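Counting starts at 1 for both ligands and their atoms, following the listed order. Fair warning: this is a prediction, and the values are worked out from it, not measured in the lab.
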Amino acid sequence: MSRPLVSFHDLRPGADDLAADVLAGFSRAQKSIPPKYFYDAEGSRLFDAITRLPEYYPTRTETALLREYADEIAQKAGTGHLLVEPGSGSCTKARILFEGLQPCAYVPMDIAGDHLHVAAQEVAVDFPWLEVHATCIDFTRLMTLPPDTPEGRRLAFFPGSSIGNFDPDAAVGFLGMIADMVGPGGQLLIGVDLKKDKAVLEAAYDDARGVTAAFNLNLLTRINRELGADFDLAQWRHKALYNEAQGRIEMHLVSRVAQLVSLQGRTFRFAAGETIHTENSYKYSVAEFRELASRAGFATDTVWVDADRLFSLHLLQTGNAHAT
Ligand code: TRP
């Protein structure tokens, strides 16, 4: 008898959301586009290429930490959880943990539905003992678990320093959503990029080969295709800068000239040098992140940091059910 290796749940947002979010973002003094729209098929492919760039240290550093401490993580976190991963992408990092954690099921969640489908299926093939319940969802809004997931202690996994892509207050709100999802006594294993030298940070977000630039510019290609806009890609360039006061990398698309862009029957004016802000990536010290997590009701169990102090991995847990 064969059972389905992987179940797939589709709660993906529609094209209406993109139109509404882009129009709202372009109506502000500092124009912006929400970063979740990076991940169409080409964006997901380019993002995977970013993670392999020599300048982009976070992925290989975090991966090395997960490999080195996989046993210790399982010792501290326990085994047999329902393992839930918002923004699972290619599911590469969770694979490192399966053997030690022996989860009762794995719930990868991602906004990029087709990419998720393939990645989840590959996990199911490589780990035939593992139940996989993939969910295509905008996890920044909703963390609904599929109806057929087994009961069990919940461990959320949020690697990649994706928490840095929220502003600090929104990060507390999002961690609170995770705390609600895992429930009292639930846990979170989260990867957080550390503050460091400005040149190292800026190179990580503006590589010599221009992959990050292509990833950023692909947003405009997507908006042209899906919303019938007329962005001329040659008139835009990628920019990444470390804003030291705010402790964040900012990614922008810079208008090379004064230009008009039409989109859904509206016309937007861009001055020469004006930018569309596409993403922030906040960097934290270990102490700063610990404090942020505590504002969301998480206590720190263990923190692992690499020898060069580039990246941190935090195991957190929610308090018990009693009110304080
Ligand atoms: N969250 C990661 C980071 O901020 C990965 C990431 C998201 C990223 N968007 C990116 C990396 C754009 C490079 C470019 O580092």
Need the list: ligand 1 N/O atoms against protein N/O atoms, distance under 3.5 Å, rounded to one decimal.
from	atom 1	to	atom 2	distance (Å)
ligand 1	1 (N)	Gly160	O	3.2
ligand 1	1 (N)	Asn165	OD1	2.7
ligand 1	4 (O)	Asn165	ND2	3.0
ligand 1	4 (O)	Tyr205	OH	3.3
ligand 1	4 (O)	Ser281	OG	2.6
ligand 1	9 (N)	Glu279	OE1	2.3
ligand 1	15 (O)	Tyr56	OH	2.5
ligand 1	15 (O)	Tyr205	OH	2.3

- Item | Whether Gln259 side chain and Phe268 backbone form a donor-acceptor pair below 3.5 Å | no

- Message: So that I know where these two stand, are Phe311 and Tyr57 an aromatic pair - ring centroids less than 6.0 Å apart?
- Response: no

- Message: Within the 3.5 Å criterion, strictly below it, is a donor on Tyr56 or Thr51 matched to an acceptor on the partner's side chain?
- Response: no

- Query: Hey, would you say the Phe8 and His117 ring centroids sit under 6.0 Å apart?
  - Reply: yes

- Query: Would a line drawn from the ring center of Phe139 to the ring center of Phe174 be shorter than 6.0 Å?
  - Reply: yes

- Message: Centre-to-centre under 6.0 Å for His314 and Phe289, is that the case here?
- Response: yes

